[in-house]
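Model, not experiment: these values are computed from the prediction.
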Amino acid sequence: MTYRVGIDTGGTHTDLVLLDEESGAVWVDKVSSTPSDPVIGVLNGIERVLGTAGVSPAEVSTVVYGTTVMVNRIIQGGGTASGLITTAGFTDVLELARSHRQGSIYNIQWEQPTPLIARELRLGVRERIDFRGQVVTPLNEQDVRDAIAVFAAAGVESVAICLLHSYKNDLHEKRIAELVAELLPHVYVSASAELSPTIGEYERASTASVDAFVKPRLAEHFGHLESELRRIGINAVLLTMQGNGGSMSFAAARRQPIRVTNSGPVAGVIAGAAIAQALELPAVITLDMGGTSTDVALVLDGSPIEVPSDAMQGHPVQQPAIEVDPIGAGGGSLAWVDDGGALRVGPESAGAHPGPACYLEGGLRPTVTDAALYLGFLGETAFLGGRRTLDRAAAERAIETVAVPLGMPTAAVASGIMALAAAASLRAIRRLTIARGHDPRDMALIAFGGAGGLIAAALAHELGTPRLVIPRNPGNSSALGLLLTDQRHDVLASFLTLLADTDVSALNTAFAGLESGCARQLAADNVPEEQRELRRFVELRYLGQTFELIVPCPAGEVTAATLVELEHEFHRLHETRYGHASVADPIELVNLRVTGIGTTYRPRAVPLATNETGRAPIPTSTREAYFGSWQSMPVFARDAIRHGDSLTGPAVIEESGSTIVVPPGHLLEPADDGSLVIYDLEPALASSPRPSTLASRSA
């Protein structure tokens, strides 16, 4: 049993990677997703990739699964009746929320997300524990029983519990959970103090509510997938991706599905970080463009940026997460004309069915994929390794449905669709870079996903980023990223105090308790003791701020000298993240965190074959492509490119799961690890003297 399988289920395609731990050999595949039952697409993909490699299900040792099921549940809404029990007088906490607007404070059309739990199912019970953890008013158990009776009559499937100050003392939350389990044994329970024992009643209530809302369907989904994998003979360790960049067992995911956020996108960032480390790139932008959406992130010094909390469709989730900015513009995003007569792209997607018009499966509206096909960037017979033939005439007819109302040539509209898809990513990247003081001209862009190679070079040109990296098997990078993740558990505790006034004895005691809890969770996931690693962190902020930064805390006993180190590191991180540091302001310690890591196997890279002949790669064909005007362009198979080769644009590189466009004015060369590096010889934003592209490349 030496084979590991990574599975990334997206809205359009399900991507798979099969890895042989002994040889480092990799097999990839991509099949259509099945939104009505994602497990069907997973099984179809497993059958294909195992069959291609000649591997039996019994030889698979580990399966790591990334899914969008949780996100889809939040987006779709409805379908789950959940209840919330909170302290009497605080039942409107989900609607009162916070005073700030999410997104833009100037957006007059902004609407607060509708709470996931209906008002009539948010019930209060008499109890009170103060901020010190002292019981002021004992729990009124009759109130709890009355609330449970209401839930029973309403047919709720899950119950969230969030009491005032339960982060300090969860005695009452535990008792309520016991009563729910006793009186409604088939109902799922989500207790805020178990999920996120930290300050912030609204955020804890939102976290518990999101967990309760998705838990029935997620538990069913993971149970269904596990039973189907066992049925076909896969008796492997089953893991799923978390939003924090680690993996955990299916059993843990069923207990706390709130941790399974942004599985696929986060796995892509993990893959990007591994590439950045291999190529020794200190600052990287990752671009993951799939069929439904595009996700961008930053990797600095080989590590993704981690934030203390996340949000699911506007609902705060108090769980550590890799920072990813999602955009509703993927290969399947639909182009349309708005009421003002302007061309728009996304966020609506053609999805897996009917898909783009060129699929000939009922889609009539134009997508980014249709535009790429019409412009010559995609070939009609190379898609998915030739398993799907694309119809250029159908793509042209679909584009004409928006070109005619606009009164523009079809080629100009198709080019505009591609430009708008790139512009959405451009805005997101600028939010993560320029708005935070990072210069894209000093960074590399790593692009992957099935559609990433179509727009990446044009995007890098607009950013002024001179170096673009396309990894091996870019259409399956997120699935590969799943196989690069360690098992991980995070445990938190509030510890509100000024950093300078911290009682180091109490801090050491608190850290010891968190480490014990983390070790128990790793043991429950069957992580061998020699593979366990515990890491400490503190969440700090300047006094008066409402958002924290995660600061690593050195191992061993915390002393007064340790607090000084944490202070200096916080100032440094704050300046890096926000462009300034207020060294004279007091620092507040808010939360403690211990991360338990179960280290996993790291595949060794298989080096790219070297071109020993000195002859240039031979194109498989040529075709007309549009770069402001129609011109002939060579088409190369990626397998034909060897170490030592170089190509100048315009050119297209085709492989089974992705297509790479090399525009005019660009140079392509392979790296040692098999990635293709594209250099922009004339960056659009190179307004100040900078090292030449070729000089930086040779360095």
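Scanning both residues, Ala671 and Leu279, for their nearest heavy atoms gives CB-CD2, 3.9 Å. Nearest approach of Ile399 to Ala414, heavy atoms of both residues: CD1-CB, 4.0 Å. Of all heavy-atom pairs spanning Ala357 and Asp370, the tightest one is N-OD2, 3.1 Å. The minimum heavy-atom distance between Val661 and Ile678, with the atom names listed, is O-CD1, 4.5 Å. Residues Gly268 and Phe448 come closest through the heavy atom pair O-CZ, 3.2 Å. Across all their heavy atoms, Tyr542 and Ser582 have their closest contact at OH-N, 2.9 Å.
A 6.0 Å sphere centred on CD of Glu280 holds no more than 12 heavy atoms belonging to other residues, nucleotides or ligands. Under a cut-off of 6.0 angstrom, the local environment of CG in Leu364 is sparse, with at most 12 non-hydrogen atoms contributed by other residues, nucleotides or ligands.
Remark: Asp391 CG to Leu373 CG distance equals 8.0 Å, nearest 0.5 Å. Considering CG of Asn244 and CD1 of Ile322, their distance stands at 7.0 Å, rounded to 0.5 Å. One distance of note links OG1 of Thr433 with CZ of Arg441; it measures 11.0 Å at 0.5 Å rounding. To the nearest 0.5 Å, atoms CD1 (Ile7) and OG1 (Thr67) are separated by 10.5 Å. In this structure, OG1 in Thr410 is found 12.5 Å from CZ in Arg397, a value given to the nearest 0.5 Å. Taking CG of Leu334 as the start and CZ of Arg365 as the end, the distance is 4.5 Å to the nearest 0.5 Å.
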Can Ile429 and Leu459 be said to form a side chain to side chain contact (heavy atoms under 4.5 Å, CB included), step by step? CA-CA 10 Å; Ile429 290 173; Leu459 183 61; 3.8 Å; yes

List the steps and the verdict of side chain to side chain contact (heavy atoms under 4.5 Å, CB included) for Asp288 and Ser477. CA-CA 9 Å; Asp288 180 3; Ser477 290; over 6 Å; no

For a salt bridge (Lys or Arg N to Asp or Glu O under 4.0 Å) check, start with the C-alpha distance between Glu654 and Arg623, then their side-chain angles and the critical distance, and finish with the verdict. CA-CA 13 Å; Glu654 292 182 337; Arg623 62 173 177 255; 3.0 Å; yes

Take Arg577 and Glu323 through the salt bridge (Lys or Arg N to Asp or Glu O under 4.0 Å) test and state the conclusion after the steps. CA-CA 13 Å; Arg577 182 70 182 273; Glu323 186 177 40; 3.1 Å; yes

Under the side chain to side chain contact (heavy atoms under 4.5 Å, CB included) rule, what do Leu676 and Arg638 come out as? Steps first, then yes or no, please. CA-CA 9 Å; Leu676 299 182; Arg638 180 157 185 172; 3.5 Å; yes

Starting from the C-alpha separation in whole Å, work towards a yes-or-no answer on side chain to side chain contact (heavy atoms under 4.5 Å, CB included) for Thr659 and Leu454. CA-CA 6 Å; Thr659 298; Leu454 295 174; 4.1 Å; yes

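The closest donor-acceptor contact from the side chain of Ser415 to the backbone of Ala411 lies at 3.5 Å or more, if one exists at all. For the pair Thr465 (side chain) and Ala444 (backbone), a donor-acceptor distance under 3.5 Å is absent. Between the side chain of Ser33 and the backbone N or O of Thr14, at least one donor-acceptor pair lies under 3.5 Å. Looking only at distances, no side-chain donor or acceptor of Asp15 sits under 3.5 Å from a matching main-chain atom of Lys30. Side chain of Trp630 to backbone of Leu375: no donor-acceptor contact under 3.5 angstrom is found. Side-chain atoms of Arg392 come within 3.5 Å of backbone N or O of Tyr374 as a donor-acceptor pair. Ser646 places no side-chain N or O within 3.5 Å of a backbone atom of Glu669 that could act as its donor or acceptor partner. Side-chain atoms of Gln242 come within 3.5 Å of backbone N or O of Arg488 as a donor-acceptor pair.
Side chains of Ser478 and Met241 form no contact here, defined as non-hydrogen atoms less than 4.5 Å apart. Counting heavy atoms from C-beta outward, Glu655 and Ile660 have side chains that approach closer than 4.5 Å. Taking the side chain as every heavy atom from C-beta outward, Leu343 and Ile417 approach each other to under 4.5 Å. Side-chain contact between Ser425 and Leu287: present, with at least one pair of heavy atoms (C-beta onward) separated by less than 4.5 Å. In this structure the side chain of Met443 reaches within 4.5 angstrom of the side chain of Leu298, judged on heavy atoms. Taking 4.5 Å as the limit, some side-chain heavy atom of Leu281 sits within range of a side-chain heavy atom of Val469. Annotation: side chain of Ser247 is not in contact with side chain of Leu482 (no heavy-atom distance under 4.5 Å). Contact of the Phe377 side chain with the Met418 side chain is registered, since non-hydrogen atoms from C-beta on lie closer than 4.5 Å.
Judged by a 6.0 Å distance limit and a 45° cone about the ring axis, Arg436 is not positioned over the six-membered ring of Tyr578.
With 3.5 Å as the limit, one finds no donor-acceptor pair spanning the side chains of Thr381 and Thr389.
Using the six-membered ring where Trp is involved, His580 and His574 have ring planes that are perpendicular, over 60° apart on the 30 and 60° scheme.
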